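First the structure, in the form of structure tokens, and then the observations on it.
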Amino acid sequence: MPEEPESRPSNFVRDIILDDLKTNKFQGRVQTRFPPEPNGYLHIGHAKAICLDFGLADEFGGHTNLRFDDTNPSKEETEYVDSIMEDVMWLGFHWDGLFYASDYFEQLYAWAVQLIKAGKAYVDDLSADEIRKYRGTLTEPGKDSPFRNRPVEENLNLFERMRAGEFPDGSRTLRAKIDMASPNLNLRDPVMYRVLHTEHHRTGKNWCIYPMYDYAHGQSDSLERVTHSMCTLEFEDHRPLYNWFIQQLGIFPSQQIEFDRLNLTYTLLSKRKLLQLVQEKRVSGWDDPRMPTISGIRRRGYTPEAIRNFCGAIGVSKTNGSIELAMLEHFVREDLNKRAPRVMAVLRPLKVVIDNYPENQVEEMDAVNNPEDADAGTRKVPFSRVIYIEQDDFREDPPKQYFRLSPGREVRLRYGYFVTCTSLVKNDNDEVVEVHCTYDPATRGGNSPPDGRKVKATIHWVSAAHAVDAEVRLYENLFACEDPNRTSEGEDFTANLNPLSLEVLSECKVEPSLAVATAGSRYQFERLGYFCADRDSPAGKVVFNRTVALKDTWAKIEKKGK
RNA sequence: UGGGCCGUCGACUAAUGGUAGGUCAAGUGCCUUUGGAGCACUUUGUCUAGGUUCGAAUCCUAGCGGCCCAGCCA
């Protein structure tokens, strides 16, 4: 433990651990767990939990288990198990133990028998519907089930036969005998086991009764001697039940601590809804770069560091709020700015002919790979008479404050030359299709000329003869409104989908060095944004996903002018 | 409505009875071979009302507002 007081901002969970350490509550141990249900892919909200669970244990020399909460065989699959392990590792965390709640089925069963014998659990013959009716409401107490006071021997016999498969799905449950009048609905004799004749992804056909979350989770924590069991706020009401089982069983007293789940503007963090998007093919899959899943944002080009920094910055509390997406984007830009090599790419090409440049000449210009990283070195970029520039970088009739190329104006071609626009060519639709310029040989490399002449804009370009064809996928928010859950009558969240969330540009021209870009490599396309090579390569083209655009001051000025 | 939890700049989060601070966003300027990055500066906040106290974001009381719970989901 460092002598200096920690300078990092604390949070209430850390404070609890600090306090427990001080009072020696758990003999100085910190044991956590990350307990995903393998019924979907992990998303950025899980990343927050992962950073908390693993991060806090790491900080105090503790341990973290990865435990799959696989108590409901009807929703769970190994595909999800695999993706979850991959995502946790990719985020940069290492679990100590790898467990499954299903590892504990036998122990859980034995404990259930123990509770039956102690008169704390009973087999109920009520149907799901009847159970609901007997439960009462928020304001009215429930009623005891007519089967609540069955003799222990009968309960034992029935529970054994439930396990043996004698009863159909839904016919009987095992319930904890607590208090049907409790103001906390979770304590009104919660179901511990249900009959489910369904094959389990790990235990196969061994079981036809499965424990409920409330009965499995705390006991699993206890078995792993978890000291600090972090979960989200909605489980706050379950804590008394979590503690009840542990106390009745007299087992290791794990401690549940609830924190606020992550909410992000313009995005949905619900596995159920993300699954719906996948199933309805509103996105290409769980790893569609527009998805807030770990696999989606990985494919989009986010780095684990950026995500971890983000999770550290947003903090942990019990306040129900929503983080602005801009905050996440800030941390990707911050990280990528330091590490992404710069390259030149033209997304919407406009042909430029430099009339006074020798017809067949090619010059290899020196370009800096990353101004933020001296070690990144330089590379050569070919320059020639015909180049492409961005359509956005030319205006026939430039508005105020527009500094880029326009008739009669001189700009710098980055690492190239100063060029002045002399004329333009239009098509029948009055669109500019070609621009003619002259260059100043005294500005080679983009250097200012001896006369000290200044230019207000520097634009990027690609030599036409050397350009590599590429496809670029531009992404906008998947949802068009800040809170995708807010819908008008009769609509569901899919009504808020942003129809413009994906724009495919297939005529892009990128500098030759990108011909060999491998899937997953990240670049900054100068003046445009950060891009990540995708594994897709339709028609042999290189494909890039836009991770996030660069901050665009001009766009702001232009918007304000309107 | 019974119960549980939560209210601090526009957003997120610190301050643990003693100077309301940080990050993001927004704005202004500097700088710039990316209108990027960087740097500097600026704006904006303790839900309300009472009380305790020399002193309250913090403690107490009462309001107000928000979130969660009536799955054999987790």
Side-chain angles (χ1 to χ4, degrees), chain A residues 9-12 15 35-37 39 69 71-72 74-75 124 126-129 131-133 135-142 169-175 182-188 190-196 209-210 212-214 216-217 231-240 258 260 265 271-272 310 312-331 333-334 337-338 342 344 367-368 371-372 401-404 412-416 418 443 445-448 455-460 524-529 549-557:
Chain A
S10 198
N11 61 61
F12 82 99
D15 291 344
E37 183 190 8
N39 67 342
D69 225 330
T71 55
N72 186 353
S74 56
K75 292 182 173 180
D124 197 351
L126 253 29
S127 69
D129 222 39
I131 286 183
R132 189 177 342 108
K133 283 178 184 135
R135 187 154 33 227
T137 68
L138 292 179
T139 48
E140 306 157 75
D169 287 7
S171 58
R172 280 180 231 262
T173 57
L174 182 73
R175 292 232 257 166
S182 172
N184 181 344
L185 267 43
N186 294 117
L187 263 21
R188 318 244 262 226
V191 171
M192 293 165 60
Y193 274 91
R194 72 285 218 191
V195 178
L196 236 38
I209 56 171
Y210 291 94
M212 299 286 291
Y213 165 87
D214 282 309
H217 199 94
C231 63
T232 44
L233 255 24
E234 67 270 26
F235 292 101
E236 226 152 10
D237 288 342
H238 296 241
R239 188 173 359 116
E258 310 85 11
D260 59 336
T265 56
K271 274 198 267 184
R272 204 206 93 223
F310 167 75
I314 58 175
V316 180
S317 72
K318 298 184 74 135
T319 327
N320 236 310
S322 195
I323 311 272
E324 290 173 350
L325 190 59
M327 178 85 99
L328 212 212
E329 293 182 336
H330 163 79
F331 284 97
R333 288 197 188 98
E334 181 186 63
N337 177 49
K338 285 182 289 191
R342 272 59 170 171
M344 292 199 283
V368 175
E372 304 292 322
Q401 293 196 80
Y402 181 89
F403 304 139
R404 282 110 94 151
R412 171 191 288 113
L413 293 177
R414 177 147 237 225
Y415 305 126
F418 279 25
T443 58
N447 291 310
S448 294
V455 105
K456 291 199 90 165
T458 297
I459 65 175
H460 61 277
Q524 184 196 97
F525 288 1
E526 293 223 23
R527 304 208 303 128
L528 298 175
L550 246 28
K551 284 208 238 169
D552 190 344
T553 306
W554 165 243
K556 227 178 258 180
I557 294 169

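Predicted model only: the values in this text are computed from it and were never measured. Here is the naming used below: chain letters follow the sequence lines, and residue numbers restart at 1 for every chain. Keep in mind that the numbers below use all heavy atoms, side chains included, and drop hydrogens, waters and symmetry copies.
Using a 4.0 Å heavy-atom criterion, one finds that A/H460 contacts no nucleic acid atom at all. Residue contacts for A/Y193: at a heavy-atom cut-off of 4.0 Å it reaches no nucleic acid atom on any strand shown. Across all strands, A/P371 comes closer than 4.0 Å to base atoms (heavy-atom distances). As judged by a 4.0 angstrom heavy-atom cut-off over every strand, A/Y402 is placed among the base-contacting residues. Heavy atoms of A/T458 sit under 4.0 angstrom from primed sugar atoms or phosphate atoms, though from no base atom. A/L187 comes within 4.0 angstrom of no nucleic acid atom, judged by non-hydrogen atoms across all strands. Among the protein residues, A/Q401 comes within range of the nucleic acid bases, having at least one heavy atom under 4.0 Å from a base atom. As judged by a 4.0 angstrom heavy-atom cut-off over every strand, A/D169 is placed among residues making no nucleic acid contact. At a threshold of 4.0 angstrom between heavy atoms, the contacts of A/R342 include nucleobase atoms, whether or not backbone atoms are also involved.
B/rA40 is paired with B/rU28 under the Watson-Crick or G-U wobble criterion, all donor-acceptor distances under 3.5 Å. When both pairing distances are held under 3.5 Å, B/rG21 makes a Watson-Crick or G-U pair with B/rU13. Nucleotide B/rG2 has B/rC69 as its partner under the Watson-Crick or G-U criteria, with both atom distances under 3.5 Å.
An OP1 or OP2 oxygen of B/rA74 is reached within less than 4.0 angstrom by a side-chain nitrogen or oxygen of A/R194. Using a 4.0 Å cut-off, some side-chain N or O of A/R135 falls inside it from OP1 or OP2 of B/rC72. Put simply, A/R404 has no side-chain N or O that comes within less than 4.0 Å of OP1 or OP2 on B/rG35.
Note on A/E236 versus A/K318: salt bridge recorded, some NZ/NE/NH1/NH2 to OD/OE distance being below 4.0 Å. Using a cutoff of 4.0 Å between basic side-chain nitrogens and carboxylate oxygens, A/K556 and A/D552 are not scored as salt-bridged.
With rounding to whole Å, A/Y415 atom OH is found 12 Å from B/rU32 atom C1'. Atom CZ of A/F525 and atom P of B/rG36 are 19 Å apart (whole Å).
Shown here are the side chain to side chain donor-acceptor pair (under 3.5 Å) partners of A/R414, two or more places apart in sequence or in another chain: A/E526.
The glycosidic torsion of B/rG71 lies within 90° of 0, which places this base in the syn conformation.
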Scan nucleotides 4-12 of chain B against the protein and return all N/O pairs shorter than 3.5 Å with their distances rounded to 0.1 Å.
unit_1 : atom_1 : unit_2 : atom_2 : d
B/rC5  : O2'    : A/E236 : OE1    : 3.4
B/rG10 : N2     : A/E324 : OE1    : 3.0
B/rA11 : O4'    : A/E324 : OE2    : 3.0
B/rA11 : O3'    : A/S322 : O      : 3.3
B/rA11 : O2'    : A/S322 : O      : 2.8
B/rC12 : OP1    : A/S322 : N      : 3.2
B/rC12 : O2'    : A/I314 : O      : 2.8

